[in-house]
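Right, one structure below, let's go through it.
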Amino acid sequence: MYRFLHLLLALSLLLVSSCSLFKELTSDDVTRITSECFDEDYDLVYYSTLSLLQAERFTIVEANKESGIIRGMQHTEHNDVEWNLKAFGEATERESTEAVFLVLPLPSKQTEVKLSLYRNALVVTRKDGHNQKQDSRTMLLTESTYDKWLNKLKAEIKRRKRLS
């Protein structure tokens, strides 16, 4: 009986804590985790962003210095599609990660960077012997992922600053 009460208490705590893990982010939360202000000039931050994407093996799809938009893609093809279709009835044929940076000069000789990361996938489902394909696009909203990217950008800015 005593163990049963402990188990019940533990399950209750798990349920309550899991609800807090899946809370929906507000627009303020998204802005906080996806934006960073740098005490560096626009050109240094802009070119450091391009350099970071290249170092992370992203293909630069768009780079417009005037608007500050930089978009990069990284593609992954999957070779186990047929096996997964047979085993599970569903498979991801291809995935890509898309990084979209908006680099904005601020009046105080600072530069703001806004980053959006997306996971794109082409999912194949087999039903009644026929394959159906569906594209999906999801914005990644994990704070640690954005921290990692923005910290890498800080390091790249420092590296490029030492070179000049």
Side-chain angles (χ1 to χ4, degrees), residues 13-81 84 88 90-125 132-164:
L13 286 173
L14 180 64
L15 180 63
V16 170
S17 66
S18 68
C19 291
S20 67
L21 292 175
F22 298 110
K23 75 171 185 124
E24 187 149 337
L25 295 174
T26 67
S27 59
D28 288 341
D29 293 333
V30 173
T31 299
R32 180 183 51 78
I33 68 173
T34 63
S35 301
E36 185 81 30
C37 190
F38 296 94
D39 289 325
E40 303 297 342
D41 84 329
Y42 177 80
D43 283 350
L44 177 62
V45 176
Y46 183 84
Y47 289 114
S48 296
T49 304
L50 287 170
S51 181
L52 172 63
L53 280 170
Q54 184 273 329
E56 293 294 319
R57 298 183 307 264
F58 276 67
T59 302
I60 309 267
V61 177
E62 178 182 0
N64 184 321
K65 189 174 177 193
E66 188 175 305
S67 69
I69 294 175
I70 301 171
R71 214 166 51 90
M73 299 283 285
Q74 185 181 62
H75 297 280
T76 306
E77 299 287 332
H78 294 273
N79 297 325
D80 57 355
V81 174
N84 282 329
F88 307 110
E90 183 175 292
T92 301
E93 187 174 298
R94 134 178 104 245
E95 286 182 288
S96 64
T97 302
E98 181 179 4
V100 181
F101 287 87
L102 178 58
V103 182
L104 301 168
L106 298 175
S108 58
K109 294 195 177 187
Q110 293 178 314
T111 305
E112 183 180 21
V113 173
K114 295 176 179 274
L115 170 60
S116 297
L117 298 168
Y118 301 94
R119 172 82 59 207
N120 304 314
L122 179 62
V123 178
V124 182
T125 307
Q132 296 176 337
K133 296 184 178 187
Q134 182 175 354
D135 284 315
S136 72
R137 180 179 171 91
T138 308
M139 183 176 183
L140 304 177
L141 289 171
T142 309
E143 188 168 357
S144 61
T145 302
Y146 286 91
D147 284 345
K148 192 182 314 179
W149 271 89
L150 293 169
N151 285 331
K152 285 181 180 184
L153 181 56
K154 287 176 194 172
E156 182 60 21
I157 290 169
K158 277 185 180 179
R159 186 191 75 78
R160 291 184 59 81
K161 196 171 183 179
R162 282 192 311 263
L163 294 174
S164 56

Stepwise side chain to side chain donor-acceptor pair (under 3.5 Å) test for Thr26 and Asp29 = CA-CA 5 Å; Thr26 67; Asp29 293 333; 3.2 Å; yes
Measuring from [X]:[atom1] to [Y]:[atom2], what's the distance to the nearest 0.5 Å?
X      : Y      : atom1 : atom2 : value
Lys152 : Leu53  : NZ    : CG    : 11.0 Å
Ser51  : Ile60  : OG    : CD1   : 9.0 Å
Glu95  : Thr97  : CD    : OG1   : 7.0 Å
Glu77  : Arg94  : CD    : CZ    : 6.0 Å
Arg57  : His75  : CZ    : NE2   : 14.0 Å
Thr34  : Leu150 : OG1   : CG    : 8.0 Å

Taking C-beta and beyond as the side chain, do [X] and [Y] meet within less than 4.5 Å on heavy atoms?
X      : Y      : result
Val100 : Leu102 : no
Phe38  : Glu112 : no
Ser96  : Thr76  : no
Phe101 : Trp149 : yes
Arg137 : Arg119 : no

Please walk me through it: do Glu40 and Gln110 pass side-chain contact (heavy atoms from CB on, under 4.5 Å)?
-> CA-CA 5 Å; Glu40 303 297 342; Gln110 293 178 314; over 6 Å; no
Start with the C-alpha gap between Met73 and Asn120, add the side-chain angles, then the distance that decides, and say whether side-chain contact (heavy atoms from CB on, under 4.5 Å) holds.
-> CA-CA 10 Å; Met73 299 283 285; Asn120 304 314; 3.9 Å; yes
Verify side-chain contact (heavy atoms from CB on, under 4.5 Å) between Met139 and Leu117, making sure each step is shown before the conclusion.
-> CA-CA 6 Å; Met139 183 176 183; Leu117 298 168; over 6 Å; no
Non-hydrogen atoms of [X] and [Y] that approach each other most closely:
X      : Y      : result
Lys133 : Val124 : CG-CG2, 3.9 Å
Tyr146 : Leu115 : CE2-O, 3.3 Å
Ala63  : Tyr46  : C-OH, 3.4 Å

Test Glu36 against Lys154 for salt bridge (charged side-chain N to carboxylate O under 4.0 Å, His left out), laying out the working first.
-> CA-CA 10 Å; Glu36 185 81 30; Lys154 287 176 194 172; 3.5 Å; yes
Atom CG of Asn64 with >12 non-hydrogen neighbours under 6.0 angstrom =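 For Asn64, atom CG is crowded (more than 12 foreign heavy atoms under 6.0 Å).
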Can any side-chain N or O of Ser164 pair as donor or acceptor with the backbone N or O of Lys161 at less than 3.5 Å?
->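 Yes, the answer is positive, given that a donor and an acceptor are paired below the 3.5 Å cut-off.
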Considering the options Val45, Leu44, Thr49, which one meets the side-chain contact (heavy atoms from CB on, under 4.5 Å) requirement together with Thr111?
-> Val45
Applying side-chain contact (heavy atoms from CB on, under 4.5 Å), run through Leu106 and Cys37 and close with a yes or a no.
-> CA-CA 9 Å; Leu106 298 175; Cys37 190; 3.6 Å; yes
Before giving the answer on salt bridge (charged side-chain N to carboxylate O under 4.0 Å, His left out), spell out for Lys65 and Asp43 the whole-Å C-alpha distance, their side-chain angles and the decisive distance to 0.1 Å.
-> CA-CA 9 Å; Lys65 189 174 177 193; Asp43 283 350; 2.8 Å; yes
